[in-house]
Amino acid sequence: MAKKGRLLVISGPSGVGKGTLCKILMDRNDGIDYSVSMTTRKPRDGEVHGKNYFFTDTETFERHIDEDGFLEYACVYGNYYGTPRAHVMEKLEAGRDVILEIDTQGAMLIRKSYPDGVFIFILPPSLRELRKRIETRASDDQDVIERRLGEAVKEISEAAHYDYIVVNDDINDAAEKLTGIVTAEHAKVDEDIDEIIDRYKEEFGS
Ligand code: 5GP
């Protein structure tokens, strides 16, 4: 049976560069898949249904909630976001790592239901830098930007509940750290250690 994959739960304030970092991580490691969330938010320019998100309406989303179709879901900035359960569990069972790029509410729900997850928080070098990045993205109105900055401070307050912190000052340095975390997690002693030790003993005895 394949060894189970790692569930990599990545959070951080909007605009911190989580998406870019996850993409680099997946480019460098072909054992990692991205969990595409479902959302009731409207697509931004360039976003593709099925790639960035499964865009849907509130009624469909709520039907999925009733059918227990989400590993977790949350209301973020007035829209629903959720992680489709079946897809993630199948991948993990098949031995693939899965990235969840989700907010802190969702991450803490997963912490309870799936404590084996690896919880990683991405921090901006400063709030001023985060503001600059959100403004450069220019896809949101000014009041939305202010609301997102307020939410960012709330999200950052949750960083203490994560296993790892990565400051995204330089994208390559941050990606390097993220890759290192995944490598370290795969080197951790886990439930198959007895099997490994037995192999050495058997070889010695034969
Ligand atoms: P955005 O609208 O900028 O794509 O995402 C807004 C926030 O929702 C981000 O913090 C993002 O990580 C979070 N998010 C995206 N997908 C999910 C999900 O499936 N569950 C939860 N709880 N949060 C999500």
Side-chain angles (χ1 to χ4, degrees), residues 7-23 25-26 33-58 60-65 67-89 91-92 98-114 117-124 127 130-159 161-162 164-166 168 174 178:
L7 185 64
L8 308 170
V9 183
I10 301 190
S11 305
S14 181
V16 77
K18 287 172 299 205
T20 310
L21 282 171
C22 290
K23 191 174 175 311
L25 184 64
M26 285 187 292
D33 291 327
Y34 186 83
S35 164
V36 179
S37 294
M38 191 181 273
T39 184
T40 56
R41 155 165 93 58
K42 297 275 168 286
R44 297 196 185 108
D45 280 352
E47 284 186 329
V48 178
H49 179 78
K51 183 166 174 268
N52 304 91
Y53 285 104
F54 293 108
F55 295 100
T56 192
D57 52 46
T58 305
T60 311
F61 197 102
E62 288 177 343
R63 201 170 53 242
H64 269 76
I65 297 176
E67 291 166 353
D68 200 24
F70 293 115
L71 205 53
E72 62 72 38
Y73 69 92
C75 198
V76 188
Y77 314 124
N79 289 302
Y80 275 132
Y81 294 80
T83 305
R85 179 191 298 277
H87 177 78
V88 173
M89 297 324 273
K91 298 267 184 200
L92 292 176
V98 179
I99 292 182
L100 304 187
E101 193 192 318
I102 63 176
D103 84 316
T104 50
Q105 304 171 63
M108 291 307 107
L109 287 172
I110 302 261
R111 177 69 112 180
K112 287 198 191 108
S113 63
Y114 199 92
V118 182
F119 295 81
I120 306 167
F121 196 91
I122 314 292
L123 276 175
L127 206 60
L130 184 67
R131 176 189 287 277
K132 230 166 63 192
R133 290 183 196 173
I134 295 177
E135 283 174 350
T136 310
R137 203 158 73 172
S139 55
D140 296 317
D141 299 335
Q142 195 56 39
D143 60 333
V144 175
I145 291 172
E146 291 307 320
R147 199 171 68 187
R148 285 190 173 228
L149 276 173
E151 291 291 336
V153 177
K154 273 195 221 147
E155 291 245 314
I156 288 169
S157 316
E158 297 295 314
H161 303 298
Y162 284 69
Y164 297 98
I165 296 294
V166 173
N168 186 12
L178 210 49

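Just so you know, ligand 1 is whichever comes first in the structure, and atom 1 is the first atom listed for that ligand. In this chain, residues are counted from 1 in sequence order. This one's a predicted model, so the numbers in the text were calculated from it and none came from an experiment. What's counted below: heavy atoms across the whole structure, side chains too, no hydrogens, waters or symmetry copies.
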- Item | Any side-chain donor near an acceptor of the partner, Y53 and E47, under 3.5 Å |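 Note: Y53 and E47 side chains miss the donor-acceptor criterion.
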Q. Have S11 and Y162 got a donor and an acceptor in their side chains that come within less than 3.5 Å?
A.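 On atom types as modelled, these side chains qualify, holding a pair under 3.5 Å.
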- Message: Does atom NE2 (H87) have a neighbourhood of more than 12 heavy atoms from anything else shown, all under 6.0 Å?
- Response: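 Yes.
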Going by the rule side-chain hydrogen bond (donor to acceptor under 3.5 Å, both in side chains), which residues pair with E158 if we only count those two or more places apart in sequence or in a different chain?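 Scan of E158 (side-chain hydrogen bond (donor to acceptor under 3.5 Å, both in side chains), adjacent residues dropped) gives none.
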Tell me whether the guanidinium CZ or amine NZ of R41 lies under 6.0 angstrom from the six-membered ring centre of F55 and within 45° of its axis.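 No - R41 does not lie over the ring of F55 by the 6.0 Å and 45° rule.
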| request: Please state whether the rings of F54 and H49 are parallel, tilted or perpendicular, taking 30° and 60° as the class boundaries. | output: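 The arrangement is perpendicular - the two ring planes meet at more than 60°.
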Strictly under 4.0 angstrom, heavy-atom based: which residues surround ligand 1?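 The answer is K18, S37, R41, R44, Y53, E72, A74, V76, Y77, Y81, G82, T83, E101, I102, D103, G106, R148, counting any residue whose heavy atom sits under 4.0 Å from ligand 1.
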